[in-house]
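One structure is given below, encoded as structure tokens.
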Amino acid sequence: MSFVKFYKEDQQVPLEMHKVRVVQKLFLPTVEERVQRLKEAGNNTFLLQNKDVFMDMLTDSGVNAMSDNQVAASMQADDSYAGSETYNRLVKALKTVFKTEYFLPAHQGRACENIIAEAFVKPGDVVPMNFHFTTTKTHITRKGGRVEELVIEEGLDPNLIYPFKGNFDIPRLKKLIEEVGAEHIPFVRIEAGTNLIGGQPLSMENMIEVANVCREHGIMSVLDASLLQDNLYFIKTREEAAKDMSIMEITHKIADAIDLIYFSSRKLGFSRGGGIVSNNEDLILKMKQYIPLYEGFLTYGGMEVRAMEAMAVGLLETMDFEIINQGPLFIEYLVKELDEYGVPMVKPAGGLGAHINASEFLPNIPHEQYPAGALAAALYIAGGVRGMERGSISEQRNPDGTENYAELELLRLACPRRVFTLSQLKYCADRVKWLYDNRDLIGGLKWVEEPEVLRFFFGRLEAIGDWQDKLAAKFREDFGESL
Ligand code: F0G
């Protein structure tokens, strides 16, 4: 994709190595309608209706475009409760990709987390990880465990350019093991493509080092490979030791070092579903019983067979650098475009999407008025673009009910793979630039309905004051009749 050199170098853009043959019509409501829809959705972009969204950048989960071969494969799915050929084909693909013998299917990533937590976490346990993910943390804390985040310092500085900001701080990991005792650490979780700090990758070297530390202490190492796809791209392009390795070789090297791998195939493999793989039969046996209990029989685990076929093909396609570079290159394009304009972005561009640093974008909105949520609301008004708050709203309160403010207040603009065109990304950047120039008009949010668990999914908030109507009025003034 990036290797097609343009004659006019200053016109160089990422060039897609695929063509689009199935499309979906989009609608863009007027700015007045957008304000109305947002109010109805409790200022929570999760509660907007997709028909009212022009660019759905909420997530890249389950919304990536499939390839012709994936769609074709899904048509030959072998629908059977037990022992389907589809399952066998999927196991074969997983063996090729991860070189693992055993596979437990689950309906998506968090279902794997539920099973892993059920099998391994007990009250008082500590689970170290580079950084938490929302559902991961909730599953661990519900089992009475606690999460310790050990990402390197560089990872929490949005402006610092460092190639692997998702890396573990190894000395801190060793110190924690010493303090807590290996017997209270059921596993160490390595999250590829660290979601909540801006899709930042870990190096292959760091992942392997973590696994080695675990082995020395008899602790299980677990890789959350949901965002491995982009992480592999960054290892290949940023890590000296990997530059001559194929994506498959890099994957094998990582998988060889790690005890247990789980993934959401809504992300990894451009399909749906998820699963857990390992070469360690004992570990698998500890979890196996929970699959029929929570998910479905062992040969489908709650997944639809068509998705399993698409997953098998999608996982193999993930081993193709020309296929997986589309996401990171589009994200880099969007980040560069906004960064050059002065919009505070998480840098360097990571995977998953472009991340705006809402604390810096809106310095006058304090944590308690949720700057990242306010920015998500404002961008929907500005352009019908639906991003996702990845800041304090996405956190859970402390056990005593006080707020647990996020270390980073980010607005994530996910780039589902092969879904948007470059002109649509340009449109998105244009509306963010307009918003940046009008940032003084943006105000805060407050809770109206706050659920106890994973509140960001369905909680409702309202604007503090009438800033949203004023923002819409300014839009009309600047854009005239334009949508
Ligand atoms: N782990 C990571 C790193 C994830 O990003 C996700 C999902 C999960 C686990 C859970 O997987 O959704 O299939 O249950 N992330 C989505 C997102 C929801 O939008 O970032 P799931």
Side-chain angles (χ1 to χ4, degrees), residues 44-46 48 50 56-64 104-117 127 129-140 147 149 151 155 165-166 187 189-202 207 222-232 234 260-276 294-295 301-304 307-308 310-311 314-315 327 331 346 350-355 372 376 386-391 393-395 406 408 410-417 419 453-454 456-458:
N44 181 347
T45 55
F46 277 98
L48 286 166
N50 208 22
D56 188 8
M57 305 182 87
L58 186 72
T59 179
D60 63 350
S61 168
V63 287
N64 300 300
L104 297 175
H107 78 273
Q108 62 185 91
R110 71 200 68 183
C112 305
E113 292 170 342
N114 178 39
I115 283 155
I116 293 169
V127 183
M129 50 188 73
N130 44 344
F131 211 74
H132 79 281
F133 182 67
T134 51
T135 54
T136 328
K137 184 171 176 178
T138 308
H139 280 299
I140 290 167
V147 161
E149 289 169 336
V151 74
K165 288 168 87 172
F187 59 90
R189 173 177 170 275
I190 302 163
E191 183 181 307
T194 332
N195 190 324
L196 295 186
I197 61 166
Q200 296 294 322
L202 295 87
M207 290 190 200
V222 174
L223 172 69
D224 178 348
S226 306
L227 299 174
L228 184 64
Q229 176 182 312
D230 294 337
N231 205 133
L232 288 167
F234 291 119
L260 202 76
I261 301 173
Y262 77 91
F263 55 92
S264 166
S265 240
R266 299 176 64 81
K267 292 176 184 272
L268 186 72
F270 311 94
S271 63
R272 309 283 187 279
I276 306 170
Y294 293 135
E295 299 299 308
M303 282 187 276
E304 215 264 329
M308 293 167 72
M311 188 199 294
L315 286 168
I331 293 162
V346 173
L352 210 169
H355 293 75
R386 158 153 78 168
M388 188 191 287
E389 196 268 4
R390 295 278 76 161
I393 295 176
S394 297
E395 292 293 332
L408 297 175
L410 305 180
L411 171 61
R412 179 179 93 180
L413 302 175
C415 294
R417 309 304 179 273
V419 167
V453 178
L454 297 172
F456 61 94
F457 278 133
F458 52 102

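Each ligand, and each atom within it, is numbered from 1 in the order the structure gives. These numbers were taken from a predicted model, which means no experiment stands behind them.
At a heavy-atom cutoff of 4.0 Å, ligand 1 is contacted by the side chain of Arg266 but not by its backbone. In His132, neither the side chain nor the backbone holds a heavy atom less than 4.0 Å from any atom of ligand 1.
Here the heavy atom of the protein found nearest to atom 21 (P) of ligand 1 is Gln108 NE2, 3.3 Å. Ranking protein heavy atoms by distance to atom 13 (O) of ligand 1, first place goes to Ser264 OG, 2.6 Å. Here the protein heavy atom with the shortest distance to atom 5 (O) of ligand 1 is Asn195 ND2, 2.8 Å. The protein atom (non-hydrogen) at minimum distance from atom 6 (C) of ligand 1 is Phe133 CE2, 3.3 Å. Distance from atom 12 (O) of ligand 1 to its nearest protein heavy atom, with residue and atom name: Arg110 NH2, 2.7 Å. Nearest non-hydrogen protein atom to atom 3 (C) of ligand 1 is Asp224 OD2, 3.3 Å. Closest to atom 15 (N) of ligand 1 among all protein heavy atoms lies Lys267 CE, 3.0 Å.
For Thr194 (side chain) and Ile197 (main-chain N/O), no donor-acceptor pair under 3.5 Å exists by modelled atom type.
Considering backbone and side-chain atoms alike, Arg412 places an N or O below 3.5 Å from some N or O of ligand 1. Between Leu227 and ligand 1, not a single N/O pair is under 3.5 Å apart.
A 4.5 Å side-chain heavy-atom check between Met129 and Val151 finds every atom pair outside the cut-off. The shortest side-chain heavy-atom distance between Tyr262 and Thr136 falls under the 4.5 Å cut-off. Taking 4.5 Å as the limit, every side-chain heavy atom of Leu104 sits out of range of all side-chain heavy atoms of Glu295. Two residues are said to be in side-chain contact when any heavy atoms from C-beta on lie closer than 4.5 Å; Leu268 and Leu315 meet this criterion. Contact check for His107 versus Arg266: no side-chain heavy atoms found under the 4.5 Å cut-off.
Taking a cut-off of under 4.0 Å to the non-hydrogen atoms of Thr59, the atoms of ligand 1 that pass are 17 (C), 19 (O). Atoms of ligand 1 found under 4.0 Å from any heavy atom of Met388, numbered from 1 in the order shown, are 19 (O). Close approach of ligand 1 to Glu113 is summarised as follows: ligand atoms under 4.0 Å from at least one heavy atom of the residue are 1 (N), 9 (C).
Residues satisfying the ring-ring contact (aromatic ring centres under 6.0 Å, His included) criterion with Phe456, sequence neighbours excluded, are Phe46. Legend: residues meeting side chain to side chain donor-acceptor pair (under 3.5 Å) with Asn114, ordered by chain and number and at least two apart, are absent.
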Given side-chain hydrogen bond (donor to acceptor under 3.5 Å, both in side chains), test Asn195 with Arg412 step by step and report yes or no.
-> CA-CA 10 Å; Asn195 190 324; Arg412 179 179 93 180; 3.1 Å; yes

